[in-house]
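Note that the structure is a prediction, hence the values are computed from the model and not measured.
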Amino acid sequence: MSDEESTEYYTLVCDDPSHEVVLVDCGPREMDVILAVRKVTGQSLWHSRVLARRAPVTLLGGLSAYRARSAVAVLQSAGARAEWRQEPEPGESAAPSP
């Protein structure tokens, strides 16, 4: 490379940050919620039951806002309390340090 040539580096910024789906509470209709968890995650029935019983738990990550909202709608229609959140940026702390 000669002295006249230079290399330029660019940082790409994503317009739509990734989101995660969090199952907050299973609610009174546990079996319906387990089936909804299975539907949105694609996991086995056994694994979906384990996830539902561990609430609050993050079920999915790296989703667009639309897909995260859609997954939350499926879970809420089954009777669960669920929410979608923007994932923290790398290097950010999810919870404040004491």
Side-chain angles (χ1 to χ4, degrees):
M1 193 184 253
S2 71
D3 292 333
E4 296 168 4
E5 294 180 28
S6 66
T7 304
E8 293 183 27
Y9 295 95
Y10 296 96
T11 302
L12 299 177
V13 178
C14 182
D15 291 337
D16 187 19
S18 59
H19 295 79
E20 60 187 12
V21 175
V22 178
L23 177 64
V24 177
D25 183 43
C26 205
R29 297 173 19 207
E30 182 181 9
M31 192 60 205
D32 292 339
V33 173
I34 291 170
L35 293 173
V37 168
R38 183 179 188 194
K39 182 176 183 178
V40 299
T41 64
Q43 298 289 331
S44 68
L45 187 60
W46 178 84
H47 193 74
S48 298
R49 181 178 66 99
V50 169
L51 285 172
R53 290 184 175 175
R54 284 189 184 164
V57 64
T58 301
L59 297 177
L60 299 167
L63 301 176
S64 67
Y66 174 78
R67 291 192 62 207
R69 282 192 303 259
S70 298
V72 167
V74 169
L75 293 165
Q76 288 175 343
S77 69
R81 280 190 26 221
E83 57 189 42
W84 62 279
R85 314 175 177 158
Q86 183 174 334
E87 288 184 333
E89 293 294 321
E92 276 186 28
S93 174
S97 300

Checklist outcome for this item: Distance col, row C26:SG vs L51:CG, nearest 0.5 angstrom, shows 10.5 Å
Item to check | Whichever hydrophobic residues join L35 through chains of side-chain contacts under 4.5 Å | outcome: M31, I34, L45
With sequence neighbours excluded, what pairs up with [X] under the side-chain hydrogen bond (donor to acceptor under 3.5 Å, both in side chains) test?
{"X": "E83", "result": "R85"}
{"X": "R54", "result": "none"}
{"X": "R81", "result": "none"}

Next on the checklist: Under the criterion side chain to side chain contact (heavy atoms under 4.5 Å, CB included), I'd like the reasoning laid out for L23 against V37: C-alpha separation, chi angles, the key distance, then a yes or no.
Outcome noted: CA-CA 9 Å; L23 177 64; V37 168; 4.2 Å; yes
Item to check | T41 vs S48 side-chain heavy atoms within contact, under 4.5 Å | outcome: yes
Item to check | L59 and V57, any side-chain heavy atoms less than 4.5 Å apart | outcome: yes
Next on the checklist: My understanding is that only residues two or more places apart in sequence, or in another chain, count here; which of them pass side-chain contact (heavy atoms from CB on, under 4.5 Å) with S44?
Outcome noted: W46, H47
Item to check | Contacts of type side-chain contact (heavy atoms from CB on, under 4.5 Å), residue T58, not counting sequence neighbours | outcome: E20, V22
Checklist entry - Can you pull the ring pair (Phe, Tyr, Trp, His ring centres under 6.0 Å) pairs that have at least one residue in residues 67-87, sequence neighbours excluded? => result H19-W84
Item to check | Residue pairs, two or more places apart or on separate chains, that pass salt bridge (Lys or Arg N to Asp or Glu O under 4.0 Å) and touch residues 34-44 | outcome: none
Using distance only, find each side-chain donor-acceptor pair of residues 69-78 under 3.5 Å and give its atom names and separation, not counting sequence neighbours.
unit_1, atom_1, unit_2, atom_2, d
S70, OG, Y66, O, 2.9
Q76, NE2, A82, O, 3.0
S77, OG, A73, O, 3.4
S77, OG, V74, O, 2.8

Checklist entry - What residues, two or more places apart in sequence or in another chain, satisfy salt bridge (Lys or Arg N to Asp or Glu O under 4.0 Å) together with R53? => result E30
